[in-house]
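A short write-up of the structure that comes next.
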Protein chains: 2
Amino acid sequence: MAEQSQYEELAQQLSAIGAVKRDLSRILPHDCPAGSTAVLSLLRHHGEMRMSKLAELLAIDMSVTSRHVAHVAERGWIDRQPDPLDKRSRLLSLNPSGEKLLGEISERYVEMLAGTLRDWSDDDLGQLNTLLARLRDSFGDCRSRAHHTLDSTTRTPA
Amino acid sequence: MAEQSQYEELAQQLSAIGAVKRDLSRILPHDCPAGSTAVLSLLRHHGEMRMSKLAELLAIDMSVTSRHVAHVAERGWIDRQPDPLDKRSRLLSLNPSGEKLLGEISERYVEMLAGTLRDWSDDDLGQLNTLLARLRDSFGDCRSRAHHTLDSTTRTPA
DNA sequence: TATTGTTATACTCTATAACTATA
DNA sequence: TATAGTTATAGAGTATAACAATA
């Protein structure tokens, strides 16, 4: 259990971290903004999936996800195959063109961060990444419970 | 110096942390969105200041700052006194009404985070706050150098 | 009847550029 | 001429609600 003032500080830090996100997003290609990059990145990391799963991973509404996906599909960075199990769905997957783009974006990120975080040790950055992942988990768990979401990948007894 | 893959991971963590920010912003009063809250919060923490200083602390353009400030001023949460040193400027300061609002917002943040971060220790949260502050510093320093900004609070020799 | 996904609309946040007033 | 701040406009991101097609 943490101190009250630390909660307030976290709220402020998260509010202010937006500036860092904006700095990072400035290096993206003009037709691939942050939302599109997030879609490509998740498809690379998790492989083929449906819209609903992607929306869950992005933690944004499916209507928003739908527009991001349309954007990257129009530019030929992902493929959409019919889902044999459900004709309402399509299976999304990163294609070679999307992988190439994502590779270029990763290079730019690394180049920028290697300069900006010159004085960060491997351990420092690892800790930050770990704590951010844990923070997202803590919030993600609450969201799941709040929405009474059933995990579609695991069969839960009725 | 950190590993390349950690840079990529940081970019992804920052991209995904937006969901946490959105969760936090949902508890704000309807007429005090995140941008307004950030203005009030900085005025509470740093005291009276001018627009340009506030924009620098927010790390956003002054045009945007101007609109946030107009919003909170219209609602009577801050005061704007003429700056005796420069008739183009006004000195912004949080007033009692703004302090009261900010107090309520802080309470809501603490209540929410105490639940969500139930299993976080004091040290964990302290580390996260420290690392986030350091991350902002690393980026802030780069911004300052890039823009050739002179610190207006300290007299620098010509 | 419920669910998957799309589209229309509205709101927040930000940046750029043009403008006013003062330095 | 340069700077402090405002306003207009445009673009990205998100949420809600209404809708189509399928389960």
- Message: Using a 4.0 Å heavy-atom cut-off to protein, can you give one letter per nucleotide of nucleotides 18-23 of chain D, 5' to 3': B if the base is in contact, S if only the sugar-phosphate is, - if neither?
- Response: ---BBS
- Give the B/S/- string for nucleotides 15-20 of chain C, one per nucleotide from 5' to 3', where a protein heavy atom under 4.0 Å of the base yields B, of only the sugar-phosphate yields S, and otherwise -. BBB---
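The distance between atom CZ of Arg50(B) and atom P of dT3(D), rounded to the nearest whole Å, is 13 Å. Distance, His71(A) NE2 to dT6(C) C1': 17 Å, rounded to whole Å. Protein atom CG of Leu58(B) is 8 Å distant from nucleotide atom P of dT14(C), rounded to whole Å. Between Glu56(B) atom CD and dT14(C) atom C1' the separation is 18 Å, expressed in whole Å. As rounded to whole Å, 11 Å separates atom P of dT7(C) from atom CE of Met51(A). Atom CD in Glu74(B) sits about 11 Å away from atom P in dT6(D), given to the nearest Å. In this entry the distance linking NZ of Lys53(A) with C1' of dG5(C) reads 17 Å, nearest Å. Taking atom CG on Leu92(B) and atom C1' on dG5(D), their separation rounds to 11 Å, with Å as the unit.
Around CD of Glu111(A), the count of heavy atoms belonging to other residues, nucleotides or ligands within 6.0 Å does not exceed 12. Within 6.0 Å of CZ in Arg67(A) there are 12 or fewer heavy atoms belonging to other residues, nucleotides or ligands.
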- Should Arg134(B) and Asp137(B) be marked as a salt bridge (Lys or Arg N to Asp or Glu O under 4.0 Å) after you check the CA-CA gap, both sets of side-chain angles, and the distance that decides it? CA-CA 5 Å; Arg134(B) 187 176 162 203; Asp137(B) 269 359; over 6 Å; no
- Checking side-chain contact (heavy atoms from CB on, under 4.5 Å) for the pair Gln12(B)/Asn129(A): CA distance, chi angles, key distance, verdict? CA-CA 9 Å; Gln12(B) 292 201 212; Asn129(A) 281 329; over 6 Å; no
- salt bridge (Lys or Arg N to Asp or Glu O under 4.0 Å) assessment of Arg108(B) paired with Glu104(B): CA-CA 6 Å; Arg108(B) 294 195 203 182; Glu104(B) 291 163 5; 5.4 Å; no
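At the phosphate of dT22(C), neither OP1 nor OP2 sits under 4.0 Å from any side-chain N or O atom of Ser89(B). Contact annotation: Ser52(A) side-chain N/O to dG5(C) OP1/OP2 distance is under 4.0 Å. Distances shorter than 4.0 Å separate none of the side-chain N or O atoms of His68(B) from OP1 or OP2 on dT12(C).
Each of Lys53(A), Arg90(A), Arg50(A) was compared with Asp83(A) under the salt bridge (Lys or Arg N to Asp or Glu O under 4.0 Å) criterion, and only Arg50(A) meets it.
Gln81(A) contributes no side-chain N or O that, together with a main-chain N or O of Leu92(A), makes up a donor-acceptor pair within less than 3.5 Å. Under a 3.5 Å cut-off, the side chain of Arg118(A) and the backbone N or O of Gly115(A) do form a donor-acceptor pair.
Listed candidates were dT14(D), dT7(D), dT6(C). Nearest to the side chain of Arg90(A) is dT6(C).
Residues passing the side chain to side chain donor-acceptor pair (under 3.5 Å) test with Asp79(A) are Asn95(A), sequence neighbours excluded.
Where His30(B) and Ala70(A) meet DNA chain C, the nucleotide closest to each residue was compared, and Ala70(A) sits on the side nearer the 5' end.
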